[in-house]
Amino acid sequence: MTENLFAELRRWVLEEILILFPELPAEVCAKIEVTPTRDAAHGDMATNAALVAAKPAGKNPRDIAAALSQALTPRTGIAKAEPAGPGFVNITLDAEFLLRQIPVMLTAGEAYGQGADKAEKINVEYVSANPTGPLHVGHCRGAVVGDALANLIAKAGYHVTKEYYINDAGAQVLALGRVVYFRYLQALGLPAKAEAYAGSVAGGMQYGGAYLEPVGEAFAAEYGGKFIDAPEADWLATARQFGVAKMLELIREDLAALRVYFDIFSSEDALVQAGGVARGLAILENAGLIYQGVLEPPKGKTPEDWEPREQTLFRATAFGDDVDRPVQKSDGSNTYFANDIAYHADKMARGFTQMIDVWGADHGGYVKRMQAAVKALAGNTSANLDVVLCQIVRVMKDGAPVRMSKRAGTFVELRDLIDEVGPDAVRFIMLMRKSDAQMEFDLNAAVAQTRDNPVFYVQYAHARARSVLRAAGEVSGLADADVSSLQAPEELALIRKLIAWPRIVETAAQAREPHRVAFFLYELAGDFHALWNAGRDDAALRFLQAERPVETKARVALVSATAIVIRSGLAVLGVQPVEEMR
RNA sequence: GGACCCGUAGCUCAGCUGGAUAGAGCGUUGCCCUCCGAAGGCAAAGGUCGCGCGUUCGAAUCGCGCCGGGUCCGCCA
C-alpha cells in the first residue's frame with residue numbers, strides 16, 4: 001500500500017509511456033510529472049507526459065495524449081483518462097480507489113506523509129547568532145525557517161542534523177569578556193564608570209546591556225576579588241568564556257521559548273584550537289587554490305582609506321564567484337572566511353555531503369564564496385551547500401512599523417515578540433511567507449481570532465475535528481470502516497486535499513521551502529471548514545447522524561484522517577495542535 | 001560600478017521549478033444568520049503579472065536590457 005498516490009500514478013504513466021516509446025531518454029522521463037489539477041473539472045490528477053515526450057518522440061502531443069489515455073484507462077483505480085488542452089492527460093480516479101487512502105491515513109497516524117528512508121545525511125545549520133546577548137527579532141525568522149526546514153527534510157526521509165555554530169572565537173566575544181569584567185567591577189561596588197571604562201576597551205563598549213549585570217554578579221560570586229587589580233591578560237580569557245557560557249544559556253532559553261532545539265552546538269573556538277583552520281586551508285592549498293595577490297578596490301564605492309595590500313587569497317573565481325576572496329589578513333592572521341571554510345570542511349569530515357545554511361539577508365553577498373569553498377573542498381567528490389536567505393521582517397502594530405533599531409533604544413528582543421503573541425503564532429506566521437521575500441509581521445492579526453490569522457484558522461480546524469471525535473465517542477475499527485458513502489463534493493474535495501500531503505512534503509523539502517506546508521495547512525483547514533459549514537445549511541451533511549451509523553462511521557473516519565494530517569503538518573512547522581479553542 | 005533578493009487585485013501575499021480560464025485573505029459591495037454546529041456563511045466586483053525584446057507548441061515562471069524597492073561590497077563578524 002503506497003502513501004504518495006501521485007508518485008504511484010507517475011510510475012503508471014512512466015510504464016505506459018515507455019511501452020509507447022521504448023527509446024525515450026531518461027532525462028526526458030525525469031521531466032514527466034503527475035500533479036493535482038487546479039480545477040476539479042479536469043479530474044483528480046494531470047500529467048504532462050505527452051507534452052514532454054512530443055519532441056523527442058517526434059509526434060504531435062495531442063496524439064500521444066490520446067494514446068496514453070487509452071493505455072491508462074483500463075488500469076484498476078483509474079475511472080477515466082482523457083486528453084485535454086495542448087496535450088495533458090487528465091486522470092479521474094475511482095472514488096473507491098481514492099477513498100482507500102483514508103484507512104491508510106488512519107493506520108499511519110501522524111507518520112502519514114513520511115517519505116521513504118533516503119539514506120542520506122543532511123546538515124541544517126541555522127540561527128548561529130553570536131553568543132553576546134539574547135536573541136532579537138531579527139534572529140527569529142531564521143530560527144523558525146531553519147527549524148521547520150529541518151523537520152520537513154527529515155519528514156521527507158533524510159537523516160537530518162540540526163546544528164548551531166557558536167561564533168566564540170572573534171573580537172566580538174573578547175569585547176563581551178571586557179564588558180563582563182566591567183559588570184564584575186560594578187557588582188563588587190567599585191566606582192567603574194561606563195564612560196571612563198569604555199575608553200580603555202579595545203573596540204569600544206559593545207554589549208553594554210543590562211542583561212550582563214547578573215553575569216557580572218555571577219562572575220563576582222565565582223571569583224570574588226581575585227581579578228580586581230589584575231591586568232587584562234589575567235582575566236580576559238576567563239571572562240570571555242564565562243560570558244559566552246552565560247549568553248548561550250540565555251540563547252537556549254530563548255530558543256526553547258520558540259520551541260527550537262538543536263542536535264549539536266559547534267564551537268568555532270574549539271575548531272580553531274584543534275587546528276581546524278590550518279587543516280581546512282591545507283586542502284585548498286594542496287589543490288593549488290591559494291595564492292598571494294592584491295585585490296582591486298570595489299568600483300564606484302572606494303573606501304576612504306583604501307590602499308592596495310597583498311593578501312592570501314582563495315581562488316573563488318574558479319568556482320563561480322565574482323572575485324577571489326581573502327583568507328588571511330595582511331598581518332597574516334585568518335579572516336572570518338577562513339574559519340568558515342574550516343567549519344564547512346569540518347562538517348564534510350563528519351560525513352555531510354549535503355549542507356544547508358540559513359542566513360540573514362545581510363549575508364547574501366557571502367553565498368557565492370561559501371558555495372565556491374565547499375566545491376573546492378570537495379575536489380573530485382560531490383558535496384553541495386544550499387543557502388536559504390531570510391529577508392528582513394518588519395513588525396507592524398496598528399498599521400505602523402514597530403521600531404527595532406538598537407540605536408533608537410527600542411531594541412526588541414525575540415522574547416518580547418513571543419510574550420506578545422505566543423510561539424505558535426510566531427512560528428506559523430513567519431512560515432506563511434517565502435523566506436527570500438521581505439515580510440510584514442502584523443501583531444494585530446497574529447492574535448486575532450478570525451480567518452485572517454492563519455494559525456488560528458488552522459488550529460480551529462483541528463479543534464473542530466477533535467470536538468467531533470470527542471462527541472462521537474469511542475468508535476472501534478475506524479480503519480476498517482466502510483467509507484463508500486463519502487460522495488458529497490465537499491467530502492471528496494477534502495479527501496483530494498488530504499492525499500496531497502505526502503507530495504507536498506516531497507516537493508517542499510526538495511525546494512527547501514517550508515512555507516508550502518503552511519499554505520497547504522491553510523487550504524486544508526479551508527476545505528474542512530467548508531465541509532463543516534455545509535453541514536449548517538444541510539443537516540444531512542453533518543458528521544454525526546444518530547439514525548445512520550454507517551455514514552456516521554465513514555465521516556468520523558474522514559474527520560479523524562483530517563485531524564491526523566493537520567497534526568502531521570503542524571508537527572513539521574513546530575506548531576502545537578490544540579484540542580479546543582479557549 | 002558590481003553581486004544577490006523582491007516587483008502579481010486597493011492592501012498583505014501564494015502561484016506546486018515552462019502548462020489549461022493567474023489564486024487566497026483583508027478591504028469594498030450585495031444577500032443570509034433571533035434557536036437547532038454562526039468567535040460567522042454565500043456571492044460579486046477588482047489584474048496590460050513593473051516595462052521592452054528574445055527562447056518555443058506554450059512564459060507570471062527561463063534569458064538579455066531597462067525602471068523601481070531592499071540587502072551587501074578588501075583585513076568587520
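Basis for what follows: all heavy atoms, side chains included, without hydrogens, waters or symmetry-related copies. Because the structure is a prediction, the values reported are computed rather than measured.
- Residue contacts for A:Arg536: at a heavy-atom cut-off of 4.0 Å it reaches a base atom on one of the strands shown.
- Comparing the P positions of B:C6 and B:G63 gives a spacing of 11 Å, expressed to the nearest Å.
- Counting any heavy atom pair closer than 4.0 Å across all strands shown, A:Glu310 reaches no nucleic acid atom.
- Across all strands, A:Phe519 comes closer than 4.0 Å only to sugar-phosphate atoms, never to a base (heavy-atom distances).
- Within 4.0 Å of A:Ile504, counting heavy atoms only, lies no atom of the nucleic acid at all.
- Proximity note for A:Met439 (side chain, C-beta onward) versus B:C72, B:C13, B:A39: the nearest is B:C13.
- B:G23 atom C1' lies 14 Å from atom CG of A:Asp527, rounded to whole Å.
- Among the atoms of the strands shown, base atoms are found under 4.0 Å from some heavy atom of A:Ser330.
- Residue-level contact check: A:Phe543 touches the bases, meaning some heavy atom is under 4.0 Å from a base atom.
- For the pair A:Glu33 CD and B:U61 C1', the computed distance is 13 Å after rounding to whole Å.
- Within 4.0 Å (heavy atoms only), A:Asp436 reaches sugar-phosphate atoms of the nucleic acid but no base atom.
- By the 30° and 60° cut-offs, the orientation of the rings of A:Trp359 relative to A:Tyr366 is perpendicular.
- Comparing A:His42 and A:Arg542 by the nucleotide of RNA chain B that holds the closest heavy atom to each, the one mapping nearer the 5' end is A:His42.
- Within 4.0 Å (heavy atoms only), A:Arg503 reaches at least one base atom of the nucleic acid.
- Donor-acceptor pairing under 3.5 Å, judged by distance alone, is present between the side chain of A:Asn90 and the base of B:A20.
- Among the heavy atoms of the strands lying under 4.0 Å from A:Pro308 is at least one base atom, whether or not backbone atoms are also near.
- At a threshold of 4.0 Å, the pair A:Arg325-A:Asp340 does not count as salt-bridged, since none of the basic side-chain nitrogens sits closer than that to a carboxylate oxygen.
- In the set B:A77, B:A20, B:C13, the nucleotide with an atom closest to the side chain of A:Ala46 is B:A20.
- Counting non-hydrogen atoms under 4.0 angstrom, A:Ala508 reaches nothing in the nucleic acid.
- Contacts of A:Pro86 with the nucleic acid, taken as non-hydrogen atoms under 4.0 Å apart, include base atoms.
- In this structure, A:Lys434 does not reach the B:C13 phosphate: none of its side-chain N or O atoms is under 4.0 Å from OP1 or OP2.
- Across B:U55 and B:C64, the matching P atoms stand 15 Å from one another, rounded to whole Å.
- Residue A:Glu296 qualifies as open at atom CD: its count of foreign heavy atoms under 6.0 Å is 12 or below.
- Note on A:Tyr366: a base of the nucleic acid sits closer than 4.0 angstrom, heavy atoms only.
- Applying the side chain to side chain donor-acceptor pair (under 3.5 Å) rule to A:Glu491 yields the partners A:Arg555; only residues at least two apart in sequence or on another chain are considered.
- A:His515 comes within contact range of the sugar-phosphate backbone alone, with a heavy-atom separation under 4.0 Å but no base atom that close.
- A side-chain donor-acceptor contact under 3.5 Å links A:Asp357 and A:His344.
- You'll find that the side chain of A:Tyr522 is closest to B:G25, out of B:C16, B:G25, B:A77.
- Nucleic acid contact class of A:Ala361 (heavy atoms, under 4.0 Å, all strands): sugar-phosphate only.
- Using bins of under 30°, 30° to 60° and over 60° for the plane-to-plane angle, the ring pair A:Trp501/A:Phe520 lands in the parallel bin.
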